[in-house]
Structures are given as structure tokens and as C-alpha cells.
Amino acid sequence: MTIPIRFEHAEAAAELIQAWDNAGCNHASVNPNKKPFSIVIPPPNVTGALHLGHGLNNTLQDIVVRTKRMQGFEALWMPGTDHAGIATQAVVERRLKELENKSRHDLGREALVERIWAWKDQYETRILSQLKRMGCSCDWQRTRFTLDPICAAAVRATFFDLFRQSLVYRGKRLVNWDTFLQTAVSDDEVFNETKKGHFYHIFYNVLSPKPGEPKRVEIATTRPETMLGDTAVAVHPDPATAFAKLESDARTKLAAATDKEKAECQAELDAIVQRRDRMLASLELLRDMAHDGRMLELPLAGRQIPLVADVWAKPEMGSGCVKITPAHDPNDYEVGLRCDLPMINILNPDGTINSEGGKYEGLTIAQSRKRVVEDLEAIGQLGDVEDRDIELPHSDRSKTPIEPFLADQWFVKMDTLAQSAMDAVTDERVKIFPERYRKGYLDWLGEKRDWPVSRQLWWGHRIPIWSLHGLSEAAATDLVARLRLLPAHSEGDVLDRIENAEDSTRSVVVCLRQENETLEREIEAMGLVRDPDVLDTWFSSALWPHSTLGWPAKTPELEYFYPTSTLITSRDIITLWVARMVLMGLNNVGQVPFREVFIHPKILDGQGETMSKSKGNGVDPIDVIDKFGPDAMRFGLARLATETQDVRMPVQYECPSCEKLIDQTPKNRSLPRIDCPHCGKPFSTQWAESDEDKLLIKGAVVSERFETARNFVNKLWNAARFALMNFDGYTSEPIDVASLPLEDRWVLSRLSTVTRQVTEAIQRYQFAEASGVLYNFAWDEFCSFYVEIAKPRLSDENQRPTAQRVMAHSLDTLLRLLHPITPFVTESIWKHLGDAAPIRGLDAPTAANPFVMTATWPESNAAHFDPTIERQFAEFQEVIGAIRKIRASQNIAPRETLPVAIHCSESSTQLLQPMRSYLEALAGAEVISLGPDANSFATDAPLAIPSIDITVHVDLEKFIDVQAELSRLEKLLGQLVKQITGKEQKLNNESFVSRAPTEVVDKERESLNELKQQHRTVQSDLQKLKLSTGPKS
RNA sequence: GGGCGCUUAGCUCAGUUGGUUAGAGCAUCUCGUUUACACCGAGAGGGUCGGGGGUUCGAGUCCCUCAGCGCCCACCA
């Protein structure tokens, strides 16, 4: 049998992906004979290609799915992608601007959406192919998209149902308004930028002040033009108590301050006290005026606005008075709600002042600010103007300033829904691992803030609401009556509602259950207009576990695979996504969407920053796969997936022209095109976006973590290759384990332990543990010892058949254990193994499954676990190590056979006796004597192994390097003295001896005795060496 | 400002309920082509466990505190 010396991953992977697919290995269907296991993929955004973070996320899911599949579950991994609302629309809009210098308004709604679909098709294809090349065993036939008809039906059914329950409602809300794109943007798409600005002090006159009352109040603002929308000025309702609290806080802080901070804290306290003394009386007066319902005159606008009492006005700030602009400031909005103030929107969607601004109508914000300030000054209402740095929110998309803007929005009422999702986690119907993430989930839901679900976008699920405003009560009733005559209404597909508007007109609002063009036209013919907004992306993502299974239809898949088994995701979307899936699952299906949630670490770049599209520091998994292979990528990532620590992944680019390595830096990371600093030639990675960059030759992305994993894959391949080269004449026969030689029983014992450890680790999502156990077992035990020891047996005619059978079985088990992590190399070897040893097993050899992927998961066979043999091997390994150390320290050539005498107890003798020949093979030693009577040699360099009370003596007659040995022994002596001193000190410590548990003390005593014994031996060896060699030199 | 993590070898990370001399991989150095593998084998050097304090017979591990880093949330007239 000829097998290449290297595992050709590219070829093998392409073939296997096809073969698994052809055999239907990935497909799961309702199977009453099996227990279901299901996972839904966190659908990647179609904004762009996957990076290594996705690589980790999907590798872990695949490990779990493959394991469960092998464990006999009907394992479904549901794949798909997310339309990602604003992010995708923004990407396409930006491209449109760059390439064609057009805005979305130039194209219009339909044409833009068409463009986005084209983009989606392109990236969905790319994403799915990335997943396939990573080896993900998704059920591709079921691939979903959050905007496809199946998901759309679920969205419509959900919205309709929430509407019926009155859990969706329309309300005013301040949104972050991007005046350039003329859309609301979400909070996380806003960044702050510090700009130079001014802090304007303005006076509002008090209307007919009574004697003793101030004639005007002072307020201050960085945005004076917003005064046009002011509807009140607030003062604190209880300034005395507020000051008292401030003072007591400051005193507490002072008491706890270090000497360094004392002066500062004292100053703070003094300032508060002084301010109170100065201002309390006037603030209380203003408060009384507010309670009295006194009014102020709003300059320029010529309106009267009330003085109100609200805690938002902080007595310690400014004049203690604050202007309230509910329609253009989030906090003022809250005040407006609390004090029942009117909310005056002064802006048009394009950021200019609207008719509410009177003579300022039509001006931009900057223009109106200038004019308002000038006009205030002209009428003497302007106070000081201070220079100040101002943090201004900007839109991440257009890079222009955000204006808080009051707009009609749809909300989902959260109180009962949020509570249900909290309960599900509290009573552990949903278990979160690691547990610390529960807190964030519960805290966030605990706020029960209503969920604003409408977005002023074109890309997404359009809100299924039609409405007509400004009706009289009679007209509204009439319209509703006509709606109710529609056949669809009696079929329960139409819900209607009459709402009272602020101006006491009526609005008729209609919700439709499903898409129906005829019905929509009929409704529109009645004058109803469809809401232009779409739903928040997370609305459709929240349905993902049940929408993908066909809900609202009661499909057999939904019955069988729901609730899904586990969700594997990243921590930043616990609230946005996980929590909402739980509450929507409960609301729609009545059951939690998944029983367990595993939150995995994040992959950071070399600078410790998270990988993201916008930073450009992402690494395309395909670059890693091309260079190292999919198994190496998967193993490398799994090896890093520990419970507590995010993972730094410094990468380098390999120049395809000169093969030199280039570090990834903040400078070059965002460039798909890299100019090699060594040879000057340009190249790109798979990450290339522009057509120009895509034409460049591709350089590899290199990281040490993947190199290690690649080496491991190759090691496994070669161990298997060796075994297979020795499988000629393989026959199968039942094996009596008890009669097997020691090394066979050892490897079976180890396999039983390793199987248990790996099974448990994967069950507990300890992927680093699972891969670590397998790495160490496969490399250090299977390859370094078992295969080595098997060599002589495989060339011995009598021993060969048994050796082959146990080897075939062991390799078989190892491949199955490794398969979930490294599917390709294991499947490739499995095929070769199947050719060489088609029927294998211990008690009852059977024909192997054609694919390891669908083979059964190994059971940990407790009967094979033999602690005596494992101890025996541990001793054996120690002895080999000792001999190798001596050889290295004495510079003994590898070809030379070294005579050794092993001094050990009777029981160790029993253990080691059968291993004598292997000592020779593995350490180049000839065992002269073994046992309690083994003697030292005249020229010796003994090495003690105190933990198992064995001393290895070597005959150095032919090899002695006196100087080396003398210095080695002296160094050893020094170490021993140090340790002995430490122990003696410990044991002389009265409190240690009396308080520590007796076992610990006894152990220390014993260990001290051993050390002393060793010390004596080394000393005498040193003497002997000096004597025996002294005369010669 | 609140919450959650993190800080251990040059680098990337392990380290169970506190208990012998704190581990691994890579990198470095030395030796080596013994019929699977140089993507290999053997060995060596390398650590005040972020700083300070405390609890304890005993602290990388528990508590307090300071510093630095990361993420989430809130806020900034």
C-alpha cells in the first residue's frame, strides 16, 4: 500500500465534502427510532465573508454535532444567514456611492432592494462555501435566510399575534436621526467625536413675577437652537435633600480617601457646602414657583412654557435650572413624559428647521444656531458664552452628526415577555455556560424596556401595518365596518384597531397576517397606507430556532427537533439575540428554543482587538485552510477555546513572491492589498474586496497556533501510515484481552480513560480540554510508545497477527475520538484502514462503517482500565527518561548501547521485567541487572527517580566525561541541599506539624527522608567518581 | 459611572476543592538522519505567578487594595 508521506488536505477535503454529501451524512430527518439532537447556526450576516471568529464558532458547533451524530442521535445542524438590516443596506449604499456616485433615492426603493438581494446572493454563496470548506456538517438542504419566504411567514405570524395581544404598539420615541441618510440609526451605530463648541447661557423671563421672585431664570446649553422646541424649564423638586445627599456622599468619600486624595475630596466637599449655602434658598423658591404653576416666556418663539419640578434638574449643576426639549433630547424626553409636557419637533427629516421654528424655518442647524444666538443677544437674553469641548454623536454610516429626533415607532411590550425569558433561565429550563453570563442576561431583561422594532430602512421585513390618520370618529367606525366585510377578516387574517391621536382625531390601524397582494390592494383602495418601515433585524433572528423548522405550520420537524438542544454563540449578542429568542420561542411555540447555551471566547487580533469587518483585522478562514488545512484550523481553534480567556491570535502574512513573513499591524491590517516590505511586490489575501485586489496573487496567513495543529495532523497521518504499511496479511479474530501482552493492555486501558475524558469534556463544552487530552495521548503515548513498541512485534511472525489486530482497533478508536475535531484526516485514514483491515474489533470483530463520520462513538470500556498497568508504564516511561537524560548529559552517541542496572523494589521488578527488551529499543540500553540487588558500576552516573523509588545506574567505563559528570553531580547536590533545608525548616515549624493534616506532615517527612537518602547517594557517587578517575587524570 | 472578565516563561495559553521542586506548545540552545513522520526524535536553559496588604501551619489558587488591559451596559443641560 502506498500512502503519501504528507496528508494532502486540499485534495482529501474536496473529495470528502462531496462523498459525505452524496451519502447524505449531513442530512437529518424525523426519525422516531432515534433521539433528536439539534443546533441552529447563529446566522452570519450577509454583509461580508466569515472571519476566524466565525471559524471558531462554527468549529465548536460542528464538534458537538459530529459527536452527537456518532453517539446515535438524529443530529440536525440548521444552517443559514441573516439579512442584517442596516449593516447590509449601508454596505450596498456605500458601494453605490463609490462606484456610481448615486444615493438610494436616485435608485428608489425597489431597485435598491434588488441590488441588496444581488449582494446577498453573492455573500451567501461565499459564506456557505466557507462553512463547507471548514467541514461544517450542516444539513445544507435546509439552508435558510432570515428574509426568505419561510422566515417571512413566521415574522408575519408573530407580528400579527403580538398585535392581537396588544403587545405591539405605536409610540413616539427619540431616535438617532442621520440627517444625511435620513434614517434612524441604532445606538451601536453611533460614535462620539469631540468637537470644539460653546456653552451658551440664556435667560428666560418669568411672567409677572411676584415680589421677591426672580425676574428671569438662567439656563445653559450647547445647542441653543433647540430652545425653539423647549416646552418647560425644570428645577429640582427637593433641593435640600439633594444637597444633603451630595454632602453625605462627599463626606463618605473623604473618610475613605488616601492622603493623596484628601485635599481634593475636601475641596469637593467645601464646594458643595458653599453652593448649598448660596443657592438653596433661591432653588427652593423656584421649586415653589413651579408647584405654583408659574410660567416663563420663551424668547424668540413667543410662547409661554411652565416651570416644572423634576429630579433631572441637578441642583449642583449650572444655575440649577435646565431647559426641557422633549423632542430633541433623550433625558428631556423622559422629563416630558413624567411632567406631561407637549413635545415639539422642530426638525425636518433633512435636518432643517420646520414650521414650528417660525421665522427660522428652512435654516440648517448650523445656520439657525447662529441666528438664534444673534437674536438672543439683540434682545439682551444672552449671557456668557464659554468655549467647551463637546462630545457629539455621529453616525457611523454617514459620518455626519446625529440629531435626536422624535418619530413614530413600533414597540414590543416587554414586561410579560421579558419575565417569561427570565424565568426560563432562573428555573434552568435554559442553562447558560459558563454560568457567569446569566447575570448579564437577567439584568438586561430585568429592565423590561420596551423593544423598539421599527427601522427606517428599505432592506428587511416590512411592517405589516396599514393605517389611515386624521379621521373623525364616524369615518373611522365606518372604515372599520367596511374592513370587517372583507372575507379575509372573517377568516381571521385581518386585525383592526382605532387609535386616538393627540389632536383628538382617529386613526384606523390594520394588521395583515400574511402576504396577500389582492387583499393589500383592496385595503389600499380604502385609503389605508402601508407603513414604510421595516422590522429590526433581531425581530426575525429572534424566531430563528422555530421559523427555520417551519413554524407557524405544525411541521413534523418542529415537533421532533424543537426545542433545539444547544446554542453556541458569542457573548456580545446574549441580550440582543439569545434573550429575544427565548421570549419569542416561549410566546410562539410555548417552549424554550434551546436547553443549553454555550458562550465561547472571542478571537482577538495580535493587538488584542476583536476581529471585525470595519476594523479590517479579520482573517479569512480560507486563507488558513489553504495554508494549513481545515483540520489544522479546527484543531488549532478548539485547542484555544477555554472557558475564561479570550484568545489573541497574532498572524503574519506570507509574501507569495519572496516567502518572507510580514507582521499584521494596525497599518496594514485594513488593507486587502499588501506591498511586501522585503521584495516590494504586492499581494492580497482572500479578504480582498475590490475587483482590482482580487486579481492579485494570494499570500498565506500564517500563525504558530495552526502550525502546531498542522504538525499534529501530520503526526497522526504518519503513525497511521506506519501501521498500514505493516498490515499486510491482516486477519480478524476475536481477541481475549486478558491474554494480551502488557503494551496492548496498556493502550486499551489508556484508551478507556481517554475516551471517558474526551466524552465528558465535549459534553461540558470543554473543547480545549478535549483536544488537549487527544493531542497528548495521540502524540506522547500512541505514537511515541505504543507504535514504537509495536515495531518489533510487527516484524515477528508469531506476534504479528495479534499486534495488527490490536493496532487496528486502537487506531480505529483514536480516529473516532478525533473525528469531530479533525474530520478530514480521520476520514481519510479511516478509508485506508478500511482497505487494510476491513473487519476489526476486540470481542466480536465486525465490518467497519464506510465512514467514520457515521460510525458509533467509542464507549469507555471500564473493564479495560487497569491502574496497575498504567502505573507500570508510567514507571517504564520514567526509567526510559532517566536513561535518556544520562545519555544526553554524558554525550553518549545514539548508536552506542549503554549498559544499565536498575535498582528498584521487588514490586517494581515485577512490573519492569517484561519491559526489558523495550528499554533497549527505546533508550539504547542493555539491562545488566534489575531488582533490589542491582549494583552500581565502578564508573557510574546514577540517576534517582524518587517518586517511584528507582535508581538507574549506568556503566560509563567506555563513555565517561568526568568533567561533565562532576559538574552535573555538584549541581544536583546543590539542589538537594536547598530542598532539604526547605523541608527541614517546614518540619521544624511547630505550627505546621501541629496544625497541618497528619497525611501532609507524614508526606513531608517521607519526602525529606528520600531527599536525604538521595543526598547521601549522590555524595558517595561524587566521592567514588573522584577516586576512580583521580589517578588517571 | 455600573457590571463581567483578564494580568503566570520571549510569545500564545493551562493550572481541579489552598498542600512536594508552577506546566504545555512555539521560539532559543545542544545533540541526532535508529526501516511512519525534520511538519521528526532526544535533551537543556528560561518564571519574585501585575504591585502592595491580609487570612492560613501553608497562597498562582481565598479576601482587601492599587495599577494596567478587554468587553457589555448606562451617562455626559
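FYI, side chains are in, hydrogens and waters are out, and symmetry mates aren't considered; it's all heavy atoms of this structure. Lettering of chains follows the sequences in order, A, B, ..., and the numbering in each one begins at 1.
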Visitor: Does anything in residues 433-448 of chain A come within less than 4.0 Å of RNA chain B? Heavy atoms only, and list the residues if so.
Guide: Arg436(A), Lys439(A)
Visitor: With Tyr437(A), which residues qualify under side chain to side chain contact (heavy atoms under 4.5 Å, CB included), at least two apart?
Guide: Ile432(A), Pro434(A), Arg571(A), Ile574(A), Ile599(A)
Visitor: I'd like to compare against my own output: the B/S/- annotation of nucleotides 25-38 of chain B with a strict under-4.0 Å heavy-atom distance to protein.
Guide: BS---------BB-
Visitor: Where is the tightest heavy-atom contact between Arg223(A) and Glu403(A), given as atom of each residue plus distance?
Guide: NH2-OE1, 3.6 Å
Visitor: Using atom types as modelled and distance alone, determine if a side-chain donor or acceptor of Asp631(A) lies under 3.5 Å from a backbone N or O of Ile821(A).
Guide: no
Visitor: Ignoring hydrogens and geometry, is there a side-chain-to-backbone donor-acceptor pair from Ser795(A) to Pro792(A) under 3.5 Å?
Guide: yes
Visitor: If I take atom CZ in residue Phe767(A) and atom P in nucleotide C13(B), what distance separates them, rounded to the nearest angstrom?
Guide: 19 Å
Visitor: Find the distance Ile603(A):CD1 to U12(B):P and express it as a whole number of Å.
Guide: 14 Å
Visitor: If you look at every heavy atom in Ala632(A) and Ala709(A), which pair is closest and at what distance?
Guide: O-CB, 3.3 Å
Visitor: Can you tell me the distance, in whole Å, between the CH2 atom of Trp312(A) and the C1' atom of A77(B)?
Guide: 7 Å
Visitor: Identify, with sequence neighbours excluded, every residue that meets side chain to side chain contact (heavy atoms under 4.5 Å, CB included) alongside His9(A).
Guide: Phe7(A), Pro630(A)
Visitor: Mind checking the P distance from G50(B) to A9(B)? Whole angstroms is fine.
Guide: 8 Å
Visitor: If I pick the C1' atom on U61(B) and the same atom on U16(B), what distance separates them, to the nearest angstrom?
Guide: 10 Å
Visitor: Within the side chain of His201(A), is there an N or O that forms a donor-acceptor pair under 3.5 Å with the backbone of Ala220(A)?
Guide: no
Visitor: Phe785(A) CZ to G41(B) P: how many Å, rounded?
Guide: 12 Å
Visitor: Please state how far atom CD in Glu878(A) lies from atom C1' in G43(B), giving the value in whole angstrom units.
Guide: 16 Å
Visitor: Tell me the interatomic distance from Tyr204(A), atom OH, to A77(B), atom P, rounded to whole angstroms.
Guide: 15 Å
Visitor: Rounded to whole angstroms, how far apart are CH2 on Trp577(A) and P on C72(B)?
Guide: 18 Å
Visitor: Let me know the distance between CG of Leu716(A) and P of C40(B), rounded to the nearest Å.
Guide: 13 Å
Visitor: Provide the closest heavy-atom pair for Asp572(A) versus Lys602(A) in the form atom of the first, atom of the second, distance.
Guide: OD2-NZ, 2.5 Å
Visitor: Restricting to side chain to side chain contact (heavy atoms under 4.5 Å, CB included), what partner residues turn up for Leu228(A), sequence neighbours left out?
Guide: Ile346(A), Tyr360(A), Val372(A)
Visitor: Rounding to an integer number of angstrom, what distance separates C13(B) and G47(B) when you compare their C1' atoms?
Guide: 15 Å
Visitor: Extract from the structure each pairing of a protein N or O with an N or O of nucleotides 14-17 of chain B at less than 3.5 Å, listing the distance.
Guide:
from: A14(B); atom 1: OP1; to: Thr642(A); atom 2: OG1; distance (Å): 2.5

Visitor: Would you check if the side chain of Asn718(A) reaches a backbone N or O of Asn714(A) as a donor-acceptor pair within less than 3.5 Å?
Guide: yes
Visitor: How many angstroms lie between atom CG of Leu774(A) and atom CG of Leu716(A), to the nearest 0.5 angstrom?
Guide: 10.0 Å
